[in-house]
Structures are given as C-alpha cells and as structure tokens.
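Contents: one structure, followed by commentary.
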Amino acid sequence: MEVSLLDFVQKCKRLAKQALGKRAGEPASGGFARWKHVVLHCIRIEDGYTYRELVDRVALMSDLCDVLELEPDDLPKPSTLCKSFDRFKMWVWRQLLRASAQQLPTSGHGAIDGTYFERSQPSFHYRRRADRTITTMKATVLVDSHTKTVLDVQPSAKWRHDTAVGPQVARRNAGDLQSLAADKGYDKNAFRDELRDNDVRPLIRHCLYTWYDYAHNARLDDSLYNKRWIAETCFSVVKRSHGATVRAQTWYREFRECVLKFAVYNIERATSQL
C-alpha cells in the first residue's frame, strides 16, 4: 500500500516510544536511543533495504533525519543496526505489534490461520553447517476478521500442529475477542472448551468423521465464519509488500523479522488512514 514515508516514520517514532516505555530513551548499540533503532528497522522492512542501503538512503533524506533527531553523518553504522536487531528481545517487537494494532479499529471477532515464509535466503553452505533441514517457517496469525488488523503472530520453525499453537495465541488475546473463527486444522474439543471458558465463541469447523460432525458444522454462524478469508488477504498483502522470505540466518532473528513485518503492515494501514 502507498503511504507517505515521512508520515510513516513519525507514526513509527510514536509507537516505538509507546512500545518501549521507560526504556525508549536508553542507549542501545552505538549509544543511540532504543526507539531510533526500532524506527530504522521499521524503515528497513517497509522499503526492503539491506542494512547498508538503509543507512545510505536515510542519510540523503534530511526530513527523516530530523524526525530521527540525528545528523546525516551520525547515523548508526550497518553493523550497529545488525547488532541491535540481534540484541532486542522478542518482547520489543510484540509490544510494537500490539501498539500498532491499537491504532486501528477492532471488532472483537477474530480469525486464526497459518502462513509460511521461505527461509532459503541464507546460503546452502550455512544451512548445511547449521543442520537446518526445514526451509520454510510457519507463522500462526490472529487477525480481526472485520477490520483486517493483525492482533498477534506466533512464528515456529518446527511446524507445530495448529491445535497446539492455536490455544496459545487465543489465550494471549482472550480478553480482546468475542468470537474466533478457524478451519478444520484447529478442530479440538479442548480448544473449544478453553475458548468458552474465556467467554469467546468458537467458530471452528469439525472434521467430518460421523454424522453429528455435519450437524455441528451446519450450526456455525456463516456470517462470522466466512469472514475467515480476511486472514488470507492480510497474508497476501504482507508478502507482496514486504516479501515472502525472511533474510535473517538464525531462527530467533527470523521470528523477530516475521513479527516486525506484520507490525509494519499495521502501521502502514494506520498511516494511510490519517
């Protein structure tokens, strides 16, 4: 989606400070404030830059440097940005994702589904040395089925079954949900019971083993369940805008990059509504 880069950076600055809280002004790698690193990583994902390209491009944009409160000659080095992405824990990017979701309207009706990102960007030599055999990373994403807002992301390199990941994601967001739609991959009675215990209406298709499975599926509210396609739309937008691969070489950096992609998607949507 097309957004003003300056508006995007200003929005990122405010959300980064909100996500980091009291730690926003604390120095990170190279002595730069933490929020500045977070904003620069958002720009990197938004425009698809490498670390070196990011520094070179931002240095030529005086307005962006003013927002970042940096002089063009004082921008962090590419290696400094790389190290900061390595040191920032996952909670930073999760908080940024949550803060970005709060900038968009939500209906309380969620849809959960999984998508895959390619991990084949690193060289074959590295993958063989790291004993990496799985070349794709799975991301279970919770989306507001009425407003296309991404609420939560759970990456996994081991392709855990949907019935194991689904409850984990729903549990973290139970207070924000009225209903949750999911396909047959999440068919588990224990999952439905847990949702009901948290006052969330389960809209999960049953696998068709016996006659009463057909009856259960017939009782689903189609007007809510059929909104599940919104999740696929979000996946498509993110992959077309920010790529279907994760470039990081280690699994934990890949997880952070995946969450950051969806946070940037939310920020772009919030910026386009200004």
Side-chain angles (χ1 to χ4, degrees), residues 1 94 97-98 100-118 134 136-241 244 258-259 261-263 265-266 269 273:
M1 63 188 69
R94 287 199 180 281
L97 177 63
R98 178 166 289 276
S100 68
Q102 292 172 350
Q103 306 303 304
L104 295 164
T106 55
S107 65
H109 301 289
I112 191 170
D113 205 351
T115 187
Y116 296 88
F117 288 89
E118 292 293 329
I134 299 177
T136 56
M137 181 191 70
K138 182 178 181 180
T140 302
V141 185
L142 177 63
V143 180
D144 190 290
S145 60
H146 286 59
T147 63
K148 301 180 183 178
T149 302
V150 175
L151 304 174
D152 200 357
V153 181
Q154 180 62 47
S156 174
K158 296 183 179 180
W159 289 22
R160 296 170 60 198
H161 196 271
D162 291 338
T163 55
V165 183
Q168 180 181 352
V169 175
R171 198 176 300 123
R172 285 201 299 256
N173 301 272
D176 301 323
L177 295 174
Q178 299 176 28
S179 68
L180 181 65
D183 60 22
K184 297 177 183 178
Y186 298 87
D187 177 21
K188 191 175 184 181
N189 287 332
F191 185 19
R192 294 186 180 89
D193 293 340
E194 183 176 344
L195 290 174
R196 292 189 184 99
D197 291 341
N198 288 288
D199 297 323
V200 179
R201 181 184 179 185
L203 299 169
I204 304 173
R205 285 278 185 183
H206 286 252
C207 294
L208 301 176
Y209 297 123
T210 60
W211 63 268
Y212 51 79
D213 290 326
Y214 289 89
H216 284 305
N217 288 344
R219 293 172 58 192
L220 285 179
D221 186 336
D222 288 340
S223 63
L224 292 176
Y225 179 80
N226 290 340
K227 289 284 187 180
R228 198 176 56 81
W229 63 269
I230 292 292
E232 297 288 350
T233 300
C234 294
F235 301 158
S236 176
V237 173
V238 170
K239 290 181 179 181
R240 284 186 286 108
S241 300
C258 176
V259 173
K261 282 178 183 284
F262 286 98
Y265 161 80
N266 279 347
R269 293 191 65 240
Q273 295 179 6

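Basis for what follows: all heavy atoms, side chains included, without hydrogens, waters or symmetry-related copies.
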So does Val200 get a backbone contact from the side chain of Asn198, meaning a donor-acceptor N/O pair under 3.5 Å?
no
Which is it for Arg192 and Asp187 under the side chain to side chain contact (heavy atoms under 4.5 Å, CB included) test, yes or no, and what are the steps along the way?
CA-CA 8 Å; Arg192 294 186 180 89; Asp187 177 21; 2.8 Å; yes
Interatomic distance, NE2@His146 vs NE2@His109, rounded to 0.5 Å, equals 5.0 Å
Please assess Arg160 against Gln168 for the test side-chain hydrogen bond (donor to acceptor under 3.5 Å, both in side chains), listing each intermediate value before the final yes or no.
CA-CA 11 Å; Arg160 296 170 60 198; Gln168 180 181 352; 3.1 Å; yes
Do the side chains of Asp176 and Arg98 get nearer than 4.5 Å, heavy atoms only?
yes
Criterion side chain to side chain contact (heavy atoms under 4.5 Å, CB included) on Asp152 and Arg172, from CA distance to verdict:
CA-CA 9 Å; Asp152 200 357; Arg172 285 201 299 256; 2.9 Å; yes
What is the minimum heavy-atom distance between Pro202 and Leu195, and which atoms define it?
CB-CD1, 3.7 Å
Start with the C-alpha distance between Thr115 and Lys138, add both sets of side-chain angles, then the distance that settles side-chain hydrogen bond (donor to acceptor under 3.5 Å, both in side chains), and finish with yes or no.
CA-CA 6 Å; Thr115 187; Lys138 182 178 181 180; over 6 Å; no
Judged by atom type as modelled, is there a donor-acceptor pair below 3.5 Å linking the side chain of Arg240 to the main-chain atoms of Phe235?
no
In Å, rounded to the nearest 0.5 Å, how long is the span from CZ of Arg228 to CG of Leu180?
11.0 Å
I would like to know whether Asp144 and Thr106 meet side-chain hydrogen bond (donor to acceptor under 3.5 Å, both in side chains); could you show each step before the answer?
CA-CA 6 Å; Asp144 190 290; Thr106 55; 4.7 Å; no
Which heavy atom in Ser179 sits nearest to a heavy atom in Leu224, and how many Å separate them?
OG-CD1, 4.3 Å
For Phe117 and Phe262, take the angle between the two ring planes, folded into 0 to 90°, and tell me which bin it lands in: parallel under 30, tilted 30 to 60, perpendicular over 60.
perpendicular
All heavy atoms of Val259 vs all of Pro155, minimum pair found to be CG2-CG, 4.1 Å
Test Thr163 against His161 for side-chain hydrogen bond (donor to acceptor under 3.5 Å, both in side chains), laying out the working first.
CA-CA 5 Å; Thr163 55; His161 196 271; 2.8 Å; yes
When rounded to the nearest 0.5 angstrom, what is the spacing between NE2 in His206 and OH in Tyr214?
13.5 Å
Indicate the atoms forming the closest heavy-atom contact of Ile112 with Ala182, along with that distance.
CG2-CB, 3.5 Å
Point-to-point distance, once rounded to the nearest 0.5 Å, from CZ of Arg171 to CD of Glu194
4.0 Å
Could you give the distance from CG (Leu142) to CG (Leu151), rounded to the nearest 0.5 Å?
4.5 Å
Heavy-atom closest pair, residues Val153 and Ala139:
CG1-CB, 4.3 Å
How long is the span from the SG atom in Cys234 to the NZ atom in Lys239, to the nearest 0.5 Å?
12.0 Å
For the OH atom on Tyr116, are there more than 12 heavy atoms of other groups (residues, nucleotides or ligands in this structure) within a distance under 6.0 Å?
yes
Heavy-atom closest pair, residues Glu232 and Asp113:
OE2-OD2, 2.9 Å
Plane angle bin for Tyr186 and Phe191 - parallel if under 30°, tilted between 30 and 60°, otherwise perpendicular:
tilted
Inspect the surroundings of NZ in Lys188 and state if more than 12 heavy atoms from other residues, nucleotides or ligands are less than 6.0 Å away.
no
For residues Ser100 and Asn266, is any side-chain donor paired with an opposing acceptor at under 3.5 Å?
yes
Side chain to side chain contact (heavy atoms under 4.5 Å, CB included) for Thr149 and Tyr265? Distances and angles first, verdict last.
CA-CA 9 Å; Thr149 302; Tyr265 161 80; over 6 Å; no
Can you check whether Val237's main-chain N or O pairs, donor with acceptor, with Ser241's side chain at less than 3.5 Å?
yes
Assess whether side chain to side chain contact (heavy atoms under 4.5 Å, CB included) is satisfied between Ser156 and Met137, documenting all intermediate values.
CA-CA 6 Å; Ser156 174; Met137 181 191 70; over 6 Å; no
